[in-house]
Amino acid sequence: MNARIDLFRNKAAAGFLRHINSAGKVVSDSGLPAATQELVKIRASQINGCGFCTDMHTKEATEAGETQLRLNLIAAWREANVFTDAERAALELAEQGTRIADAAGGVPDDVWANAAKHYDEDQLVALVALIAVINAYNRLNVIVQQPAGDYRPGMFG
């Protein structure tokens with residue numbers, strides 16, 4: 001499978017990605033736990049059917065020490081007992097924020113309140129920004145049919 005557009009060689013795509021990567025760096029450098037960030041990226045990517053991002057973030061999470069058991073259970077996090085209450089709150093917010101078009105009122109108040117029990121305001125901002133950024137990456141890659149499987153941890157610096 002080949003991508004419809006080579007995002008890595010297109011000048012306009014490079015400019016766009018530079019800016020979105022800068023936004024992602026702000027989130028990466030926030031106080032939001034790195035493990036939580038990867039879990040959220042993976043779950044949103046699974047929901048959106050983004051093989052490229054799912055491949056990338058499962059490999060990055062493994063490289064950072066995440067267990068295979070937890071990675072295997074992200075899609076079934078509600079039934080799994082391997083995630084903390086804070087991670088579960090972040091995963092729920094990620095699902096609701098990713099499926100925002102499916103919810104007639106946006107993210108429910110109880111989902112927000114649960115996340116707010118576990119994260120301070122700066123972490124909540126980082127979590128919301130992360131959900132927005134990974135959804136942007138997912139949409140970009142799904143639309144151009146970016147193939148998955150060849151990602152190597154750290155390959156984008």
At their closest point, which heavy atom of [X] faces which heavy atom of [Y], and how far apart are they?
{"X": "Gly106", "Y": "Ile100", "result": "CA-CG1, 4.1 Å"}
{"X": "Asn138", "Y": "Ser45", "result": "ND2-OG, 3.0 Å"}
{"X": "Ala89", "Y": "His118", "result": "CB-CD2, 3.7 Å"}
{"X": "Ala61", "Y": "Glu38", "result": "CB-CB, 4.0 Å"}
{"X": "Lys59", "Y": "Gly149", "result": "NZ-O, 3.1 Å"}

Hey, could you give me the [atom1]/[atom2] distance between [X] and [Y], rounded to the nearest 0.5 Å?
{"X": "Thr98", "Y": "Ile47", "atom1": "OG1", "atom2": "CD1", "answer": "5.0 Å"}
{"X": "Ile42", "Y": "Thr54", "atom1": "CD1", "atom2": "OG1", "answer": "7.5 Å"}
{"X": "Glu60", "Y": "Asp55", "atom1": "CD", "atom2": "CG", "answer": "10.0 Å"}
{"X": "Leu71", "Y": "Leu39", "atom1": "CG", "atom2": "CG", "answer": "7.5 Å"}
{"X": "Gln145", "Y": "Asn2", "atom1": "CD", "atom2": "CG", "answer": "10.0 Å"}

Single-linkage hydrophobic cluster Val144~Leu17, side-chain heavy atoms < 4.5 angstrom: yes
Same apolar cluster (I L V M F W Y, side chains within < 4.5 Å links), Val133/Leu93: no
In the structure I gave you, are the side-chain heavy atoms of [X] and [Y] within less than 4.5 Å of one another anywhere?
{"X": "Trp112", "Y": "Leu124", "result": "yes"}
{"X": "Gln123", "Y": "Ser30", "result": "no"}
{"X": "Ile134", "Y": "Cys53", "result": "yes"}
{"X": "Asn72", "Y": "Leu69", "result": "no"}

Side-chain (Arg4) to main-chain (Ile143) donor-acceptor, under 3.5 angstrom: yes
Flag, side chain of Tyr151 to backbone of Gly154, donor-acceptor distance under 3.5 Å: yes
Asn21/Tyr137 under side chain to side chain donor-acceptor pair (under 3.5 Å): CA gap, chis, key distance, verdict: CA-CA 10 Å; Asn21 288 341; Tyr137 279 120; 2.2 Å; yes
Plane angle bin for Phe156 and Phe8 - parallel if under 30°, tilted between 30 and 60°, otherwise perpendicular: parallel
Intermediate values then yes/no, salt bridge (charged side-chain N to carboxylate O under 4.0 Å, His left out), Glu63 and Arg152: CA-CA 10 Å; Glu63 188 80 6; Arg152 294 174 319 284; over 6 Å; no
Evaluation steps, salt bridge (charged side-chain N to carboxylate O under 4.0 Å, His left out), between Glu92 and Arg78: CA-CA 9 Å; Glu92 177 68 13; Arg78 284 179 180 81; 2.6 Å; yes
Trace of the side chain to side chain donor-acceptor pair (under 3.5 Å) decision for Trp77 with Glu95: CA-CA 11 Å; Trp77 64 267; Glu95 285 192 3; 2.6 Å; yes
Passing candidate, side chain to side chain contact (heavy atoms under 4.5 Å, CB included) with Glu87, options Val40, Thr36, Val82, Ile74: Thr36
